[in-house]
Visitor: 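Mind having a look at this structure? Questions to follow.
Just so you know, these numbers use all the heavy atoms, side chains as well, and skip hydrogens, waters and symmetry mates. All chains are named by letter (A, B, ...) in the order of the sequence lines, taking the proteins before the strands, and each is independently numbered beginning at 1.
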There are 2 protein chains.
Amino acid sequence: MKPSIKLSVDAVVFGYEEGNISVLLIKRKYAPFKGQWAIPGGFVLDDESLEDAVERELHEETGIKINYLEQLYTFGKPDRDPRGRVVSIAYFGLVHPNAFKLFAATDAEQAQWFNINALPELSFDHKEILQTAIKRLQGKITYEPIGFELLDDKFPFSDLEKLYTTLLGRGIDRRNFRKKIINLNVLDELDEKVSKGSGRPANLFQFNQKRYFQLKQEGIIFEI
Amino acid sequence: MKPSIKLSVDAVVFGYEEGNISVLLIKRKYAPFKGQWAIPGGFVLDDESLEDAVERELHEETGIKINYLEQLYTFGKPDRDPRGRVVSIAYFGLVHPNAFKLFAATDAEQAQWFNINALPELSFDHKEILQTAIKRLQGKITYEPIGFELLDDKFPFSDLEKLYTTLLGRGIDRRNFRKKIINLNVLDELDEKVSKGSGRPANLFQFNQKRYFQLKQEGIIFEI
DNA sequence: GGGTGTTACGTGTTTTAAGCAACTAACTTA
DNA sequence: TAAGTTAGTTGCTTAAAACACGTAACACCC
């Protein structure tokens, strides 16, 4: 007896640019939900791992290569797909958006970044998936020094600060935040400055990769 | 085209009794891994939800009814099952072990509680699943007032304390722990005492369900 | 029935971190 | 050159975690 349940993967990919958190969506080329926006994803091939499937689909549909990926949650309500029973394993990814040129193909008519505060209507139960992903992102950021996967190589401290306030949706104390991050020793202060608009030019920082990944592995608790 | 990937669910169920954290395992009745211990679980039927599948399999194989269940992680390596491609959605459950009489049936020859420090060899990749579950349990306990789902209705404070030290695998400061828990206001102190062996008899406590579930919903952060 | 061991429980002090205000620094723009 | 703007520092106040000790209420033993 062959099962009639199909298995798919979906990927919620976040990017951050100049104070905005965006998510990568595709416009569906075929029915169901033809012409509507959706999270990139597709069916798992019989002999590929789940992670391979996510990366393959992401690359096919949007041209992107991910640099951070983790499993999010598995969605399996019997009626979530009009084509029949489809259980989807959702993943959660982070990229530097300006490191890639979006390029839609296969099932996707178009691929585009959307600000998470200005989302279009989504196909299937993708709204629920996205909300789950946003919660995960907000949760992660408070106990892991995320940011490396979202920020540029070199960045002013205010970018990190803005990433946190935007993501948490609330103000944080600039002074304590700086103290805490500096004390983590994950940042190397550079001798370069950058000036954007008015105001004092900011010093540039860079993540110390070695220390950063060491900290992540130790499962650091750092409570913003 | 019908897919050849099959979908199963597995459930890691924890119980706590007198200072011991146990996990519920079954002895497999059929090949593969016949006669070996495994996490309870089985294939998902075409028209049932994932949660229904878990609860059905758990009840069939062990006689247990769960009072706390959440999704853990989905395991999908192509070679994890010798019968072919099987992707398994693992769940995580908590029960009061002495509230049920174990009763093995269907695929299970026997169902039994095992101390998590004295586990037998496990089938498939179930060792990895169990380790993931233990990590989740340790993580959850530090930011959620878990315990209600594991402890008896009435319990001395030392039971809660022991639950935490056992689960975290390290000592905690008894004085601060008590202060913190009491300040959460989730416990009602009863006028009953219990004496086990020597020493001063302990006052019994009870979870204030209303306040407890309110706190959980608010997603309390309470950092042991 | 009075010491002794044992577990339960409370008070207090010291140390660390979070919360918050005021200030200095280095630029741009009018 | 004064005013506006963003960057970054110093320090004080308050809350919480880390830690030691003292007291309470039993069982057990002689």
Visitor: Figure out the CZ/C1' separation between Phe157(A) and dT6(D), and round it to whole Å.
Guide: 15 Å
Visitor: Take the protein atom CZ of Arg200(A) and the nucleotide atom C1' of dC27(C), then report the distance between them rounded to whole Å.
Guide: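 From Arg200(A) CZ to dC27(C) C1': 9 Å.
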Visitor: I need the CG-C1' distance between Asn183(A) and dT16(C), as an integer number of Å.
Guide: 12 Å
Visitor: Check this for me, if you would: do Glu70(B) and Arg136(B) make a salt bridge, where the nitrogen-to-carboxylate-oxygen distance has to be below 4.0 angstrom?
Guide: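 Salt bridge flag = yes for Arg136(B) with Glu70(B).
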Visitor: May I have the distance from Ile181(B) (atom CD1) to dA16(D) (atom C1'), rounded to whole angstrom?
Guide: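 Whole-Å distance recorded here is 15 Å.
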Visitor: Could you state the CZ-P distance from Phe177(B) to dA17(D), rounded to the nearest angstrom?
Guide: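 Computing the Phe177(B):CZ to dA17(D):P distance gives 13 Å.
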Visitor: In plain terms, say whether Lys27(A) and Asp107(A) are close enough for a salt bridge, that is, a side-chain N and a carboxylate O under 4.0 Å apart.
Guide: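 The answer is no: the pair does not qualify as a salt bridge.
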Visitor: Quickly work out the Glu189(A) CD to dG8(D) C1' distance and round it to whole Å.
Guide: 10 Å
Visitor: Which of the following nucleotides, dC9(C), dG4(D), dC19(D), is nearest to the side chain of Asp173(B)?
Guide: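 Side chain of Asp173(B) sits closest to dC19(D).
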Visitor: Of Lys179(A) and Lys193(A), whose closest DNA chain C nucleotide lies nearer the 5' terminus?
Guide: Lys179(A)
Visitor: If I take atom CG in residue Asp191(B) and atom C1' in nucleotide dA25(D), what distance separates them, rounded to the nearest angstrom?
Guide: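 Rounded to whole Å, this separation is 16 Å.
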Visitor: Does this structure show an ion pair linking Glu161(B) with Arg174(B), if we count only N-O contacts that are shorter than 4.0 Å?
Guide: yes
Visitor: More than 12 foreign heavy atoms under 6.0 Å from NZ of Lys162(B): is that the case here?
Guide: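 No, not enclosed.
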Visitor: OP1 or OP2 of dA7(D) less than 4.0 angstrom from a side-chain nitrogen or oxygen of Ser158(A), does that happen here?
Guide: yes
Visitor: Taking only the side-chain heavy atoms of Asn203(B) (C-beta and beyond), determine which of dG8(D), dC9(C), dT28(C) contains the nearest atom.
Guide: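 Closest nucleotide to the Asn203(B) side chain: dC9(C).
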Visitor: Base of dG8(D), side chain of Arg174(A) - is there a donor-acceptor contact under 3.5 Å?
Guide: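 Check passes, donor-acceptor contact within cut-off.
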Visitor: Indicate, with a heavy-atom threshold strictly under 4.0 Å, whether Arg178(A) touches base, sugar-phosphate, or nothing.
Guide: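 If one applies the 4.0 Å heavy-atom cut-off, Arg178(A) turns out to touch the sugar-phosphate alone, with no base involved.
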Visitor: May I ask you to say whether Glu51(A) pairs ionically with Lys77(B), meaning some side-chain N is under 4.0 Å from a carboxylate O?
Guide: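 Answer for the salt bridge query: no.
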Visitor: Is the base of dA18(D) touched by the side chain of Asn176(B) through a donor-acceptor pair closer than 3.5 angstrom?
Guide: yes
Visitor: Specify the separation, in whole Å, of atom CD1 of Ile182(B) and atom P of dA16(D).
Guide: 16 Å
Visitor: Have a look at Lys180(B) and say if it touches a base, only the backbone sugar-phosphate, or nothing, with a 4.0 Å heavy-atom cut-off.
Guide: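 Lys180(B): backbone/sugar contact only, no base atoms under 4.0 Å.
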Visitor: Of all the choices, dT7(C), dA27(D), dA25(C), which nucleotide is nearest to the side chain of Ser195(B) once you look at every atom?
Guide: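 The closest nucleotide is dA27(D).
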